[in-house]
Amino acid sequence: MTVLQPPVQKNNYYDVTVEDLTHDGAGVAKISGYPIFVSNALPQEAIKIKITKVKKGYAFGRLEEIYQPSPYRVDAPCPIYKQCGGCQLQHLSYEGQLLAKQKQVQDVLERIGHLKDIPVHPVLGMEEPWRYRNKAQVPVGEREGGLIAGFYQQRSHEIIEMKDCLIQQETNDRVVQKVKGICETHGVRSYNEKSHRGTLRHIMARYGLVTGETMVVLITRTADLPNKKQIIEDITTALPEVKSIVQNVNPQKTNVIFGEETKVLWGEEYIYDFIGDIKFAISARSFYQVNPDQTKVLYDKALEYAGLTGEETVIDAYCGIGTISLFLAQKAQKVYGVEIVPEAIEDANRNAKLNGIQNVEFGVGEAEVVIPNWYKDGITADVLVVDPPRKGCDEALLQTIIEMKPKKVVYVSCNPGTLARDLRVLEDGGYQTVEVQPVDMFPHTNHVEVVSQMILKEEAGSR
Ligand code: SAH
């Protein structure tokens, strides 16, 4: 067997054409079929690159010059785009981003799931794709004696000051800066990772888009917060939209943000928000979707794909705080939700009550254990919804679905790769993928959310 030499050499320059975009936003060019990843390069661009690293099967190159830019190339509007790393696609126009995400889903379904000829609809994007995040979680540091709040520079623990994040709700940026200033005035020192001293580690601001209510969370190393009373007074005076001030204590040497202990310093334990008609109570530690407008778009699609008439029993696997379950309960006879995090289920039950929804029941545990047990006990579903984390569904859950034979499976996914893998298993087990709808929940980042509809083939045949 001949060992093929990579066709490029480190530090050499090459002229190439970019063919594709990786899921993390790098351009891919090829020389004799050998892929080279180039940060900041876009498909269709003719560019000059310098090779920075050579591996057996691929290489990395640095963009040196663009001879022919992509028609979708734009100047990234954010001045700290490159340092931050929170967004990956600001140099691609929004239209270009939506096209790239659609293509990515199509390619992955074909490559990993061997699913050809399945309609992947154009990505449902935002009309105004900026300022959408309802939660800011920023590390606090010090510079020249003053506090700074911002972000960790890519691949480092250096905090860079950020007063304005273009994908963040303006109110959150303003609240963080104000709270930082108030803490500084009252002599609060920032936490120092190296010496494990100081107090204030992070400031978090959460905003209810519909209600306008804001929560401030101070994450501190010590339970003691100097000048607490004055800090609270100044925050409530300066920021009347704040309904809740919470302290979370994290004494550990860790880069995990939150610690175990959470206490309300002032005001309410919860702020509220709505997705559609459903009201949600959000505590400092609750999971809540960061882009509620697009969450509504995604869940409306899931609801449409579920095709409920009011007669159905539905299982919502990986239900989190019950967002999808409560959405579906309005149109179903009964919804069973299951989730591994007990606190999320407490929230789910609270939210069900808050909305007077009685036809839901939540279970705590692994979906792949709880659902098979339910099935043994005679609980089956007409429609089964899954919304798993990035690693996708557990094999045991997929096998139970195949045995249980719900007429429809609605698969909500934040990772097209594992979606494609799991759709393949369900296809082989008797399901047919009808259509796939990507939704852009996180504009300017490389994330893509997808909802897909599957029907049982026997069903398809008998219609
Ligand atoms: N559908 C929810 C959130 C889905 S995120 C919403 O819309 O809000 C995925 C969820 O799956 C997380 O809440 C995570 O805690 C949960 N999870 C992870 N592994 C799980 C498992 N094996 N069984 C059940 N839930 C799991």
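Numbers here simply count residues along the sequence, with the first being 1. Atoms within a ligand are numbered from 1 in the order they appear, just like the ligands themselves.
With ligand atoms numbered from 1 in the order given, ligand 1 contributes 23 (N), 24 (C) to contacts under 4.0 Å with heavy atoms of G365. The Q289 neighbourhood of ligand 1 comprises atoms 6 (C), 7 (O), 8 (O), with distances under 4.0 Å to a heavy atom of that residue. The ligand atoms of ligand 1 that sit less than 4.0 angstrom from a heavy atom of Y299 are 6 (C), 7 (O), 8 (O). Short contacts between ligand 1 and V341, defined as distances under 4.0 Å to a heavy atom of the residue, involve ligand atoms 15 (O).
Side-chain atoms of H91 and Y81 form a donor-acceptor pair, as typed in the model, at a separation below 3.5 Å. Looking at E435 and H121, their side chains do bring a donor and an acceptor atom within 3.5 Å of each other.
The shell of residues lying under 4.0 angstrom from ligand 1, judged by heavy atoms, excludes A344. Ligand 1 has no atom lying under 4.0 Å from any heavy atom of D394. A heavy-atom separation below 4.0 Å is not found between Y288 and ligand 1.
Protein heavy atom in closest approach to atom 22 (N) of ligand 1: E368 OE1, 3.1 Å. The protein non-hydrogen atom at the shortest distance from atom 18 (C) of ligand 1 is P389 CG, 3.6 Å. With respect to atom 21 (C) of ligand 1, the closest heavy atom belonging to the protein is Y318 CE2, 3.6 Å. For atom 13 (O) of ligand 1, the closest non-hydrogen atom of the protein is E339 OE1, 2.7 Å.
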Query raised in the report: Q399 and E403: side-chain hydrogen bond (donor to acceptor under 3.5 Å, both in side chains), yes or no, with the steps?
Result: CA-CA 6 Å; Q399 289 313 323; E403 275 172 50; over 6 Å; no
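Comparing heavy-atom distances from atom 5 (S) of ligand 1 across V386, V369, D387 singles out D387 as nearest. Of the candidates A348, A317, A302, A367, A367 brings a heavy atom nearest to atom 23 (N) of ligand 1.
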Show me, pair by pair, the donor-acceptor contacts under 3.5 angstrom made by side chains of residues 253-269, not counting sequence neighbours?
{"unit_1": "T254", "atom_1": "OG1", "unit_2": "V256", "atom_2": "N", "d": "2.8"}
{"unit_1": "T262", "atom_1": "OG1", "unit_2": "N248", "atom_2": "ND2", "d": "3.1"}

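D173 has a carboxylate O that lies under 4.0 Å from a charged side-chain N of R131, or vice versa, which qualifies the two as a salt bridge.
L166 pairs with exactly one of C78, C87, P129 by the side chain to side chain contact (heavy atoms under 4.5 Å, CB included) rule, that one being C78. In summary, of the residues considered (I275, T323, T295), a side chain to side chain contact (heavy atoms under 4.5 Å, CB included) with Y288 occurs for I275 alone.
If you look at C319 next to ligand 1, the close heavy atoms, those under 4.0 Å, all belong to the backbone. The part of T323 lying near ligand 1 is the side chain, judged by heavy-atom distances below 4.0 Å. Both the backbone and the side chain of I340 come within contact range of ligand 1, each with a heavy atom under 4.0 Å.
Not counting sequence neighbours, R221 has no partner by the salt bridge (Lys or Arg N to Asp or Glu O under 4.0 Å) test.
Ring to ring, Y58 and F60 are close: their centroids are under 6.0 angstrom apart.
A pairwise comparison of heavy atoms in C393 and L398 identifies CB-CD2, 3.8 Å as the closest pair.
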